[in-house]
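Quick caveat, the model's predicted, so the values are computed rather than measured.
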Amino acid sequence: MSNSNSTKSQFYTLVTVFFFWGFLAASNGVFIPFCKSHFHLTQLQSQLIDWAFYFAYFFGSLGLYLVDKITKIDILNRIGYKMGIIYGLFFSAFGALLMIAAINSGSYAFILASFFVIALGFSLQQTCAQPFAIALGAPETGANRLSFAGGINSFGTTVGPIIVGFFLFGSAGGGSEAAAVDIKSVNTMYMILAALFIVVALFFLF
């Protein structure tokens with residue numbers, strides 16, 4: 001019974017990770033207007049924020065594949081899916097803390113790099129999370145667990161822009177209000193995200 005409860009708690013904690021992916025990825029659309037206005041970016045420069053985020057997924061997944069091929073070592077099987085998620089969460093937490101420094105520095109390149117680091121952690125988490133979700137229970141019900149986790153991911157995608165919009169702008173959208181955003185609000189948002197990443201990682205670990 002104790003082992004069963006532990007497995008369930010790990011799965012429900014894993015589901016929160018699925019929520020994070022959808023929440024933060026969808027929230028980029030709200031955060032971009034703030035960056036464009038605050039740092040006086042062109043449209044192309046502001047869209048590169050999304051590019052940096054999603055390029056990290058491609059880079060992380062392909063990079064892991066190439067390392068496995070070159071070294072002939074299956075890294076994820078060696079460290080385990082759970083530890084892979086933990087490392088990914090810590091990596092994303094580090095990226096969120098970098099984002100605070102990047103915003104305060106006013107460096108556009110630093111902001112792009114911070115988004116890249118956050119998403120690189122997500123890439124590692126996603127690579128591990130789906131097989132881990134299947135492993136946390138009977139194989140015949142693995143598809144059900146993935147469907148539930150996918151639903152939570154979509155829920156995060158739905159509520160992310162709304163929550164971030166109200167948090168930063170006091171409304172669901174940015175628009176002309178983006179210029180009036182208090183930097184302290186942005187810092188607080190990323191401090192909360194970093195803390196959540198670390199808390200979930202520590203729960204998995206201990």
Side-chain angles (χ1 to χ4, degrees), residues 1-28 52-99 113-160 190 192-206:
M1 178 66 71
S2 176
N3 185 53
S4 175
N5 289 337
S6 176
T7 299
K8 287 180 180 179
S9 66
Q10 287 190 72
F11 173 69
Y12 290 125
T13 305
L14 179 63
V15 164
T16 66
V17 178
F18 278 79
F19 177 84
F20 283 149
W21 303 335
F23 181 92
L24 201 55
S27 298
N28 286 352
F53 189 86
Y54 288 106
F55 179 72
Y57 279 82
F58 166 76
F59 181 85
S61 300
L62 182 62
L64 189 61
Y65 169 79
L66 291 176
V67 169
D68 286 353
K69 280 292 186 182
I70 293 171
T71 63
K72 307 298 182 184
I73 299 173
D74 190 333
I75 296 175
L76 292 183
N77 274 330
R78 174 164 291 192
I79 66 175
Y81 293 130
K82 185 173 81 168
M83 287 306 302
I85 294 171
I86 291 169
Y87 290 143
L89 285 165
F90 279 129
F91 212 77
S92 292
F94 175 64
L97 294 175
L98 279 181
M99 182 61 75
S114 301
F115 268 111
F116 184 86
V117 172
I118 292 172
L120 204 57
F122 281 7
S123 175
L124 180 56
Q125 293 166 41
Q126 287 196 8
T127 303
C128 299
Q130 294 194 14
F132 188 47
I134 293 174
L136 288 174
E140 59 269 20
T141 58
N144 293 339
R145 288 190 292 279
L146 283 179
S147 295
F148 177 71
I152 296 300
N153 175 263
S154 298
F155 177 68
T157 303
T158 302
V159 302
Y190 277 99
I192 291 172
L193 283 173
L196 288 173
F197 290 145
I198 292 171
V199 167
V200 175
L202 291 176
F203 186 88
F204 267 123
L205 188 61
F206 295 112

Rounded to the nearest 0.5 Å, how far apart are [atom1] of [X] and [atom2] of [Y]?
{"X": "Ile79", "Y": "Lys82", "atom1": "CD1", "atom2": "NZ", "answer": "12.0 Å"}
{"X": "Thr16", "Y": "Phe197", "atom1": "OG1", "atom2": "CZ", "answer": "10.0 Å"}
{"X": "Asn144", "Y": "Ile134", "atom1": "CG", "atom2": "CD1", "answer": "11.0 Å"}
{"X": "Phe115", "Y": "Ile118", "atom1": "CZ", "atom2": "CD1", "answer": "6.5 Å"}
{"X": "Leu120", "Y": "Phe58", "atom1": "CG", "atom2": "CZ", "answer": "12.5 Å"}
{"X": "Thr157", "Y": "Ile152", "atom1": "OG1", "atom2": "CD1", "answer": "11.0 Å"}

Looking at [X] and [Y], what are the two nearest heavy atoms and their distance?
{"X": "Phe53", "Y": "Ala119", "value": "O-CB, 3.0 Å"}
{"X": "Ser92", "Y": "Phe122", "value": "OG-CD1, 3.3 Å"}
{"X": "Phe23", "Y": "Gly160", "value": "CD1-CA, 3.4 Å"}
{"X": "Ala133", "Y": "Leu146", "value": "CB-CD2, 4.0 Å"}
{"X": "Asn153", "Y": "Gly22", "value": "ND2-N, 3.3 Å"}
{"X": "Leu98", "Y": "Val117", "value": "CD1-CG2, 4.1 Å"}

Is there a side-chain contact between [X] and [Y] (heavy atoms, below 4.5 Å)?
{"X": "Ile198", "Y": "Phe94", "answer": "no"}
{"X": "Leu136", "Y": "Lys8", "answer": "no"}
{"X": "Phe91", "Y": "Gln125", "answer": "no"}
{"X": "Phe59", "Y": "Ser123", "answer": "no"}
{"X": "Phe148", "Y": "Phe18", "answer": "no"}
{"X": "Leu124", "Y": "Leu76", "answer": "yes"}
{"X": "Phe11", "Y": "Thr7", "answer": "no"}
{"X": "Phe204", "Y": "Leu14", "answer": "yes"}

Requested in this report: Could you give me the CA-CA distance, side-chain angles and deciding distance for Phe90 and Leu202, then say whether side-chain contact (heavy atoms from CB on, under 4.5 Å) is met?
Outcome: CA-CA 9 Å; Phe90 279 129; Leu202 291 176; 4.0 Å; yes

Query raised in the report: Is Arg145 reaching over with its side chain to a backbone N or O of Ala135, donor-acceptor style, under 3.5 angstrom?
Result: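 A pair under 3.5 Å: no.
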
Query raised in the report: Given the rule in the side-chain contact (heavy atoms from CB on, under 4.5 Å) test, do Met83 and Leu205 qualify, once you have shown the distances and angles that lead to the verdict?
Result: CA-CA 8 Å; Met83 287 306 302; Leu205 188 61; 4.1 Å; yes

Report task. May I ask you to decide if the ring planes of Phe155 and Phe19 are parallel, tilted or perpendicular, using 30° and 60° as cut-offs? Result ->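 If you compare the ring of Phe155 with that of Phe19, the planes turn out tilted.
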
